[in-house]
Amino acid sequence: MTAKLLDGKAFAARIRAQVAVHVGRIKADFGLTPGLAVVLVGEDPASQVYVRNKGQQTAEVGMNSFEHKLPADTSEADLLAVIDALNADPAVHGILVQLPLPAHLNSDMVINRIDPAKDVDGFHISNVGLLGTGQKSMVPCTPLGCLMMLRDHHGNLAGLNAVVVGRSNIVGKPMAQLLLGDSCTVTIAHSRTKELAEVCRRADILVAAVGRAEMITGDFVRPGATVIDVGINRVERDGKMRLVGDVHFASAAEVAGAITPVPGGVGPMTIACLLANTVTATCRANGLPEPSDLTV
Ligand code: GUN
């Protein structure tokens, strides 16, 4: 392997340490404890793991953690009532509704019920619009983590060609907006893009967020490019379940200049950025100075 490994686990630990310092200062100076509420509907096993990790890490940085676990057959009215109560609760500065929701619930309606100032996922339509027009917003956690890693590695991103493979509202679209905000020349590609390998080979920065195991192989990568792998796919290999990204790591790492592994790359950054967003939301809601090292 020739590429530099971008260690998201270590980077996320650094962000959490910074978050803990800010939480301590907010408590000491203003008598406030940032609070993050997580709402989980149903029993999806992957979501349960995420929510448990979020709860642990929230407590570790000194914040209050509130968990609302609701049965899979919860009605829309009952879920909206929980969100209304969290919106009105002054101890709650950030609200996250774990996705995906059960099929009978309308995710857009539920997300748009969250007070945009408490929308630490950055999924509310107001935050999407603010990000798209370059205004101060809550920024979705996974793309925020990717941008922090890219800035850390490259310094200035201006003028670089960035190709984002994937067009989801959670990763692909906000990632493209953030890279545009840092003056990259941005292409959004996806599973139906023609000549995808050729498009990807133009990238100085290649972000894979397409949700297909190991689809991006070494021949998609420009020599020396930075490859950010957002994928988390469970596959069976040699009779064992393994986690792999959207990038075929072994072949891509022979060509790339730098690459994130799976696991241990982008994944740990998501919760770290969620905690960072909760500090940002607490400061904005209370007119406190906003830490510049936790957001873009
Ligand atoms: N499910 C998978 N990733 C996420 C995320 O970043 N936020 C929420 N709310 N749900 C998710």
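Within 6.0 Å of NZ on K27 lie more than 12 heavy atoms contributed by other residues, nucleotides or ligands. In R212, the CZ atom is not crowded: 12 or fewer heavy atoms of neighbouring residues, nucleotides or ligands sit closer than 6.0 Å. In this structure, F66 places its CZ atom where more than 12 heavy-atom neighbours from other residues, nucleotides or ligands lie under 6.0 Å away.
Side chains of F123 and M138 form no contact here, defined as non-hydrogen atoms less than 4.5 Å apart. Proximity of N169 to V128: side-chain heavy atoms (C-beta onward) are nowhere separated by under 4.5 Å. Side-chain contact between L288 and L32: present, with at least one pair of heavy atoms (C-beta onward) separated by less than 4.5 Å. Side-chain contact between V23 and T278 is absent, with no heavy-atom pair separated by less than 4.5 Å. By the 4.5 Å heavy-atom criterion applied to side chains, H93 and N286 are counted as neighbours. Between Q48 and L40, the closest side-chain pair of non-hydrogen atoms falls below 4.5 Å. The shortest distance between side-chain heavy atoms of L6 and T226 falls below 4.5 Å. Contact of the I15 side chain with the V19 side chain is registered, since non-hydrogen atoms from C-beta on lie closer than 4.5 Å.
Between the side chain of H190 and the main chain of V165, no donor-acceptor pair closer than 3.5 Å is present. Looking at R201, its side chain does come within 3.5 Å of a backbone N or O of D219 through a donor-acceptor pair. In this structure, the side chain of T2 engages the main chain of E254 through a donor-acceptor pair within 3.5 Å. Within the 3.5 Å criterion, the main-chain N or O of I216 finds no donor-acceptor partner in the side chain of D246. Put simply, the side chain of K118 gets close to the backbone of L86: a donor and an acceptor are under 3.5 Å apart. Without hydrogens or angle criteria, S65 side chain to G35 main chain gives no donor-acceptor distance under 3.5 Å. With S75 contributing its side chain and D78 its backbone, the two residues share a donor-acceptor pair below 3.5 Å.
Shown here for D229 and G245, the closest heavy-atom pair between the two residues is OD2-CA, 3.2 Å. Nearest heavy-atom pair across P140 and P174 is CG-CB, 3.8 Å. Contact detail for N112 and H124: the closest heavy-atom pair is O-NE2, 3.1 Å. Closest non-hydrogen pair, N106 versus E76, comes out as N-OE2, 3.4 Å. Closest heavy-atom contact between A256 and A3: O-CB, 3.3 Å. Contact between D115 and N87 at its shortest, heavy atoms only, is N-OD1, 2.9 Å.
How far CG of D119 is from CG of N277: 9.0 Å, rounded to the nearest 0.5 Å. Here the SG-CE distance, from C200 to M215, works out to 8.0 Å after rounding to the nearest 0.5 Å. One finds the SG atom of C273 at 4.0 Å from the CG atom of L144 (value rounded to the nearest 0.5 Å). Rounded to the nearest 0.5 Å, atoms CD1 (I228) and NE2 (H153) are 8.5 Å apart. To the nearest 0.5 angstrom, L101 atom CG is 6.5 Å from L79 atom CG. Of the inter-residue distances, the one linking L206 atom CG with N161 atom CG reads 11.5 Å to the nearest 0.5 angstrom.
Residues meeting the side-chain contact (heavy atoms from CB on, under 4.5 Å) test with T187, sequence neighbours left out: V163, V199.
Between H22 and the options D293, T282, T280, a side-chain hydrogen bond (donor to acceptor under 3.5 Å, both in side chains) holds for only D293. For the side chain to side chain contact (heavy atoms under 4.5 Å, CB included) with I26, the lone residue among T33, V279, V21 that qualifies is V279.
With hydrophobic clusters built from ILVMFWY side chains whose heavy atoms lie under 4.5 angstrom apart, I114 does not share a cluster with L130. Linking ILVMFWY residues whenever their side-chain heavy atoms come closer than 4.5 Å, directly or via other members, places L275 and V97 in the same cluster. Placement of M149 and I170 within a single hydrophobic cluster is found when ILVMFWY residues are connected by side-chain heavy-atom separations under 4.5 Å, directly or transitively. Hydrophobic clustering (ILVMFWY, side-chain heavy atoms < 4.5 Å, transitive): M269 and V230 are in one cluster. Grouping the Ile, Leu, Val, Met, Phe, Trp and Tyr side chains by contacts below 4.5 angstrom, directly or via other members, places L131 with L150.
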(Q) Let's go through V244 and F249 carefully: what are the C-alpha distance in whole Å and the side-chain angles of both, what is the deciding distance for side chain to side chain contact (heavy atoms under 4.5 Å, CB included) to 0.1 Å, and is it a yes or a no? (A) CA-CA 8 Å; V244 299; F249 185 84; over 6 Å; no
Q: Check the pair L147 / L157 against side chain to side chain contact (heavy atoms under 4.5 Å, CB included), numbers first and verdict last.
A: CA-CA 10 Å; L147 188 72; L157 305 184; 3.8 Å; yes
Q: Could you give me the CA-CA distance, side-chain angles and deciding distance for R151 and V296, then say whether side chain to side chain contact (heavy atoms under 4.5 Å, CB included) is met?
A: CA-CA 10 Å; R151 283 183 177 176; V296 286; 3.8 Å; yes
**Q.** Trace of the side chain to side chain contact (heavy atoms under 4.5 Å, CB included) decision for K136 with E290
**A.** CA-CA 12 Å; K136 198 190 252 194; E290 212 176 289; 3.2 Å; yes
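One finds no salt bridge joining E214 and R242 here, because no Lys/Arg side-chain nitrogen approaches an Asp/Glu carboxylate oxygen to under 4.0 Å.
Here side-chain hydrogen bond (donor to acceptor under 3.5 Å, both in side chains) pairs that include residues 34-46, with residues two or more places apart or in two chains, are D44-S47.
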